[in-house]
Amino acid sequence: MVLAALVLLLAVGLVMSATQGQLSVSSADVLGTVLHGLGVDTSWRPEREVTEQALWQIRFPRVVMALLVGAALAVGGAIMQAIFGNPLAEPGVVGVSAGAALGAAIGIVTGFTFAGGWGIAALAFLGGLLATIFVYATARSAGRTEVVTLLLTGIAVNAFAGAGLAFVMFAGDTAAREQIVFWQLGSMNGSRWSEVLVVAVVTVLASAVALVLARQYDLLALGERAAGHLGVRVEALRIGSIVVVALLTGVAVAFAGIIAFVGLVVPHLVRLSLGPAHRGLLLTSLLGGAVLLTWADLGARTLVGGADLPIGMLTALVGGPFFFWLVRRTRGRSGGWA
Amino acid sequence: MSASTQQASVVAVRVVDLECRLGGRPVVAGVGLDVRYGEVLALVGPNGAGKSTVLGAVAGDLAASAGSVLLDDRDVGEWSTRDLARRRSVLLQSHEVSFAFTVREVVEMGRAPWLGREEQDDDEEAVAEAMRRADVVHLADRPFTQLSGGERARAALARVLAQRTDVVLLDEPTAALDLRHTEDVMAVARDLAAAGRAVVVVLHDLSLAAAHADVIAVLDAGRLVAHGAPADVLTPEVVSSTYGIDVHVIADPDGRLLVVPRRAPRPHPDTPSRPI
C-alpha cells in the first residue's frame, strides 16, 4: 500500500518536475520524449526538436539527480540510525555532510578534479568518512550511544568543517567561492549526466549492500553484545556501514551540496507507519527520500516565480521544526534521551 | 548434535584457572569449574564478586588474560561468531531495544543464527514455544520499548529460548520478576537441563539457587570460594564469610534449603517500641 502510493507520488512528481521551467513543456511531451528514448515512438513525441533536447540535456538530469540524492540521503540516514541505535543520528545533524562539503570544497579550490566528477566525489567521500569515524569514536562508549555526546560531537564537527569551509572560501578565487556557497545551500541546478551516473552507481550499490545487511541491523537494535551472541560480527558490520554511509553522503554532497534532514525525516516517518524492521525501512526510505527530494526540487523551482531556491534551505526549513518536534515528543514521553 | 542426543554428565563448559582483567585490574582470578550437560549451575556471590565477568568469559565476550574457557573441548575464542551463536545463548542483565520492535519480532531475532540451515524450518514452532514458556504470548504485538521491566526480562528470555542452543547462559534472569514468574523462569532452567542442556545462571537469591541448581559456585572478590552441591556449599560459615552477614540455613517444608539472615527478634506488639 505505502509502497504503491510512494511509487505513484514519485512518478507524478517526476513528470511534473520535468514540465516546469523556462521552456514550457506539457506532460505529454515529457512522456513522449521518454518513450522515444526507450525506442517507442508515439504521437506524444514533441514536435519541436529543441523541446526534446532541452528535456534530455537540462531537465532530465536534474530530475534524476534529485531522485537519486534523496534516495541516497534517506538510506544513509537509516543506516546511520541503525548503527548508532538512535533515531537522531543523521549525516547532516552529526556533521558528516559538512565534512563531505569541506572535502569537496578543497577539491574545487585546489583544482583536484580528475576523472570527470569522480575526483570531487572521492574527496567528499573522504571528508565524510573522517567525520563519521570521528563522531562514531567519540559518541560510542561501552556499546551505547550517549545522545548528548552524539549531538555535542555533531556541533563540534559542524563548527570545525564550517571553519574549514570559510577558510577555503577566503583562500579561493571568486569562481570557487560561488561554487562553495552553492555547496552550503544545496542545489540540483546544472546537473550533468556524467554526475548523475556517479551518484546512480554509488546509490544503487550502497543501497544493495544495506539491504543485504538489513537483518543484521535488526539484531543490532538489541545492543552490540546481544547482537554478537546471535552471530553478528559487530565490528565488521559497523566499519562496513560507516563506509557505506560516507559513500552515500559523499556523492550526494559532492553534486547537490548540503541537504539536511532528509535522512532524519524520511526514516522516522517510515518507522512510524511501517515499524522498525530494516528491510522494509531501507526500501521504503529509499523510495520516500526520492519522492521527498523530487517534490522539494519541484518546489524550489516553482514556489518563487523565475527563481531557483536553494533546496537545502527548503529541507532545513521543514526539517528544523520536525527535529524540534521529535525532541519535544521524546522528552514528553520518556524524559528525553540523556 | 542436538540436546537430546547429548549424554548427561558430558562436560559442556570447562573453565580452567581463569583470569580476566578489566582496565588492567584482575577482577577474576584462578577460577576453575565444569558445567555438564543436563545440569543447572548457579553462580552466586556478593555484588562485584565477578559473576557477570565469569559469565562474559564463558560467553566468549571477554578474552581471558590467563587460563582458558573451553566449550565442547574447544577454546571459546577459536569459535566463529556464527558457530558460537548456534551453540550457546546468553541473556544479559540489561534488555534495551533501540527501536519499537514488537515482542514477537524480538523473539524471532533469536532464530537468526539458524538462517539458511535445516533448523530454520523449526522457526515458527521455536518462537511460539519460547513465547509460551516465558509467558509473553499476550504481549506479542506490543512494542518492546513500552513494556515494564519484568515483561522486558521475560521477552528477552523468550528470545534466548527461541535460539535453542545446548548451552544457555542467564545473567540474573529473575532480577525484575515477581514471585510467580521467578519460579516459572527457574522451572524453565530445570526443564532445559532435563532436556540435556547445560545451564549457567547468575543469581542473587541463595534460597532460589538452593532450590533449583544442581551445583552452586560461590564467587567472592573474583575467586571461587566454594563449589559443589547446594547442601555442601550453602553452610552458615561459607555464607557469612562471603557476604559478611550471619545467616540461618534451614530446610523449608518441601525439604529445600532456605538461607535467611539472622535478625534481631522483633519486639512484641504489646511492648512500646520506644520509651514514652
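Everything numeric in this text was worked out from a predicted model, so none of it was measured. Naming convention: chains lettered A, B, ... in sequence-line order (proteins, then strands); numbering from 1 in each chain. Side chains included, hydrogens not; waters and symmetry mates left out as well; all remaining heavy atoms used.
- Interface residue A/V232: only backbone heavy atoms are found under 4.5 Å from chain B.
- Between the side chains of A/R238 and A/Y136, at least one donor-acceptor pair of N or O atoms lies under 3.5 Å.
- Taking the ring axis of B/W79 as reference, the NZ or CZ atom of B/R87 does not stay both within 45° of it and closer than 6.0 Å to the ring centre.
- Put simply, of B/R86, B/R88, B/R82, the one with the most heavy-atom pairs under 4.5 Å next to chain A is B/R88.
- Interface residue B/L115: only side-chain heavy atoms are found under 4.5 Å from chain A.
- The part of B/R159 that comes within reach of chain A is its side chain, from C-beta onward, which places non-hydrogen atoms under 4.5 angstrom from that chain.
- Stacking of A/R271 on the aromatic ring of B/F99 is recorded, both the 6.0 Å distance cut-off and the 45° axial limit being met.
- A salt bridge between B/E129 and B/R164 is present, with a side-chain N of the basic residue lying under 4.0 Å from a carboxylate O of the acidic one.
- Heavy-atom distances place no part of A/Q216 under 4.5 Å from chain B, backbone and side chain included.
- The contact between B/L92 and chain A is made entirely by side chain atoms (from C-beta outward), counting heavy-atom distances below 4.5 Å.
- If you measure heavy-atom distances from B/V160 to chain A, you find no contacts under 4.5 Å at all.
- Side-chain polar atoms of B/D171 and B/S52 form a donor-acceptor pair below 3.5 angstrom.
- Your options are A/G275, A/G228, A/A226, and the one with the most heavy-atom pairs under 4.5 Å with chain B is A/A226.
- Using the six-membered ring where Trp is involved, A/H278 and B/F101 have ring planes that are tilted, between 30° and 60° apart.
- Considering only heavy-atom pairs separated by less than 4.5 Å from chain A, the leading option among B/S98, B/S94, B/A59, B/P143 is B/S98.
- Both the backbone and the side chain of A/A277 come within contact range of chain B, judged by heavy atoms closer than 4.5 Å.
- At a threshold of 4.0 Å, the pair A/R233-A/E235 does not count as salt-bridged, since none of the basic side-chain nitrogens sits closer than that to a carboxylate oxygen.
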